[in-house]
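Notes for the one structure printed next.
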Amino acid sequence: MSDFDAVVIGGGHNGLVCAAFLAKAGRKVVVLEAAGETGGGGHTREFAPDFRVSALAHIVNRLHPEVVRALELERHGLAASSVRQPASVALSAAGDPLVLEGAYGETLQGAAPAEQAAWTEVRAQLFRYAGILKPLLARRPPSLGGMALTEAAGLAMTGLSLKRLGREDMRDFLRVLLMNVADFADEGLSDPRLKGLLAFDAVLGSHMGPRSPTSLLGLYYRLTGEHAAVAGGQMIPAGGMAAVTGAIRKAAEAAGVTIRTAAEVSSIEARQGRATAAVLAGGERIAAGTIISAINPRTTFLDLVGPSHLDTGFVRRIGNIRMKGDAAKLHLALDRAPEFTGLPLDRRNARLVIAPSPDHVERAFNPAKYGEFSPEPVMEIVLPSINDPSLAPAGACVLSAVVQYAPYALKEGWQVGKPRFMEAILSVLEAHAPGIGRTIVHAELLTPADIEREFRMPGGHWHHGELQADQMLMSRPAFGAEGYDTPLDGLFLAGAGSHPGGGISGVPGMNAAKRVLGIRDR
């Protein structure tokens, strides 16, 4: 007889959230994490002597309030270690940055009065429309094979919210829903800096450019998040992402979850159409009535379960999930804080974006279509040690940036291309922060290939699958594994490859736990 009711594979934040919800409901749960520590891409690590940084994600804007509330994350240290509502700054090499203050631009500074007025209307429109989608992204997606009462109610509420928009807004919502972000921005705005920021945020982490069909969905996805009960709110955690994932781990342990690190699962045992155990690389077998995979869906089915236990069509669909990353992560250890052209020193605690216009972002994307990196990359930058000096030696500084576009399958290979891409990145940084190159003590660039290897993310894709219209809602990750269920009884998904996708939200883990509890309690 098993010592556990449930085995959770993967100790990233979604796995920990899932385990904590199950344990709080009285289940006995073990989390198996292959790495030496939990947190996945959301942990903080030393990348140079005395310089620490969030490994991948460095901003939180999607952590679901129910996760915070139900797991009492503030009691476990989250509130005391958060820097809230950083401004978003669109940098300009010409020295005239644009500042979106508050929760995604409650106020706009640095633009003409007419543009400020236009932005007020566009921002309100974006939040109205994102609000229609928000309930769909927070719940289990409706099943095409048989809709439960709660799912039908959720769709009804979404329809009611859409109706409440009014006839004109409802028509416009349907018109722009699958629009590209560049055309949308052109309709209401004129400042290329502001439009470039929107374009960048819409395509961040995706194999898309601003003029790609449906790219506006990415911006809606971002704006459905919130922080501190503020729609569009975000935070840069003091102490790095470990402050968030650490609080989730403490909540899981307080609920009674057993956490095992350096416990790599080599296979999921299946008998007569049911998952029965997780088998570790050393041969140890851990049986449980419920097995939950919070890792990549392709890894789960093709590597751990194995095609022999699955339908051929399902195997083909899983193998066809698009998940080739285009985002790289840059970490710089600097001997002093950089100075960006035109940016007041007291604004360096903001989220800094280099994306001069939608056309610039589109040009940066074009080479990625053909397996080449962008010679003029766009990027999101934070200086976490400005808010938390403990991350760097006295007087020094840490720079963390997400950089696009860096295709997973680089035509020339990353061994050759990586130094050249680094040169391109530093050239862009130098144009916006003159002299920054002379301050670099150590540099680390993680390409999608590095991310795949170090964080067990196939394709180096942070969302474990493209967030595009055909890979969202009931099509995520693929038909037959939607809604956290799988073709095997007793096996469930709980990672970013499931609905609603990536980001530090905890929603896949929370919803998967609710699904397990709902089935087991019938």
Side-chain angles (χ1 to χ4, degrees), residues 59-65 84-90 97-138 157-204 210 214-235 350-351 353 355 357-358 361 380 467 469 500 503 505:
I59 292 178
V60 177
N61 61 8
R62 297 191 52 78
L63 187 58
H64 198 278
R84 298 182 177 180
Q85 306 302 353
S88 292
V89 177
L98 195 73
V99 181
L100 278 72
E101 193 68 75
Y104 209 78
E106 291 171 304
T107 62
L108 176 63
Q109 302 170 19
E115 189 74 353
Q116 294 179 25
W119 169 242
T120 297
E121 292 186 13
V122 169
R123 180 182 183 274
Q125 179 187 27
L126 283 169
F127 275 101
R128 282 199 308 275
Y129 295 172
I132 299 300
L133 299 174
K134 188 171 184 176
L136 290 176
L137 296 181
M157 289 298 292
T158 299
L160 183 60
S161 297
L162 183 57
K163 187 175 181 180
R164 285 174 178 164
L165 284 176
R167 182 175 297 177
E168 186 175 337
D169 247 0
M170 182 167 63
R171 279 200 301 258
D172 197 53
F173 169 79
L174 296 174
R175 179 183 71 87
V176 304
L177 179 61
L178 300 181
M179 201 171 180
N180 75 61
V181 68
D183 286 348
F184 175 84
D186 283 342
E187 285 189 356
L189 302 168
S190 59
D191 193 310
R193 299 168 300 172
L194 180 54
K195 293 192 291 184
L197 176 63
L198 297 183
F200 176 86
D201 285 347
V203 301
L204 182 60
T214 78
S215 58
L216 184 59
L217 276 176
L219 189 57
Y220 286 142
Y221 182 80
R222 180 188 184 92
L223 296 181
T224 58
E226 62 181 81
H227 178 62
V230 178
Q234 58 190 2
M235 72 172 179
R351 179 180 79 106
V353 176
S357 69
V361 180
E380 172 189 84
L467 276 174
S505 73

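Side-chain contact between Asp201 and Tyr104 is present, with heavy atoms from C-beta onward closer than 4.5 Å. A 4.5 Å side-chain heavy-atom check between Leu137 and His64 finds every atom pair outside the cut-off. When side chains are defined from C-beta on, Leu177 counts as touching Leu133, because their heavy atoms get closer than 4.5 Å. Side chains of Leu108 and Leu98 form a contact here, defined as non-hydrogen atoms less than 4.5 Å apart.
Rounding to the nearest 0.5 angstrom, the gap separating the CG atom in Leu194 from the OG atom in Ser357 is 12.0 Å. The line from OG1 of Thr107 to CZ of Arg123 is 9.0 Å long, rounded to the nearest 0.5 Å. Taken from CG in Leu197 to CG in Leu219, the straight-line distance is 9.0 Å, to the nearest 0.5 Å. Residue Asp172 holds its CG atom at 3.5 Å from OH of Tyr129, rounded to the nearest 0.5 Å. To the nearest 0.5 Å, atom CG of residue Leu198 and atom CG of residue Leu100 are 7.5 Å apart. If you take OH on Tyr221 and CG on Leu223, they are separated by 12.5 Å, rounding to the nearest 0.5 Å.
Closest non-hydrogen pair, Thr224 versus Ala130, comes out as CG2-O, 3.4 Å. Residues Ser215 and Val181 come closest through the heavy atom pair OG-N, 2.9 Å. Closest approach of Ala111 to Asp191, counting heavy atoms only: CB-OD2, 4.2 Å. Of all non-hydrogen atoms in Ala182 and Pro358, the two that sit nearest each other are CB-CB, 4.3 Å. Counting all heavy atoms, side chain and backbone alike, Ala103 lies closest to Phe127 at O-CZ, 4.3 Å.
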Mind running side chain to side chain contact (heavy atoms under 4.5 Å, CB included) on Asp183 and Leu216 for me, showing each step along the way? CA-CA 9 Å; Asp183 286 348; Leu216 184 59; over 6 Å; no
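Taking the charged nitrogens against the carboxylate oxygens, Arg175 and Glu187 do have a contact shorter than 4.0 Å, which makes a salt bridge.
Using modelled atom types, no side-chain atom of Arg222 and backbone atom of Asn61 make a donor-acceptor pair closer than 3.5 Å. Not one N or O on the side chain of Glu380 forms a donor-acceptor pair closer than 3.5 Å with the backbone of Arg351. Put simply, the side chain of Glu115 never gets that close to the backbone of Ala112: no donor and acceptor are under 3.5 Å apart.
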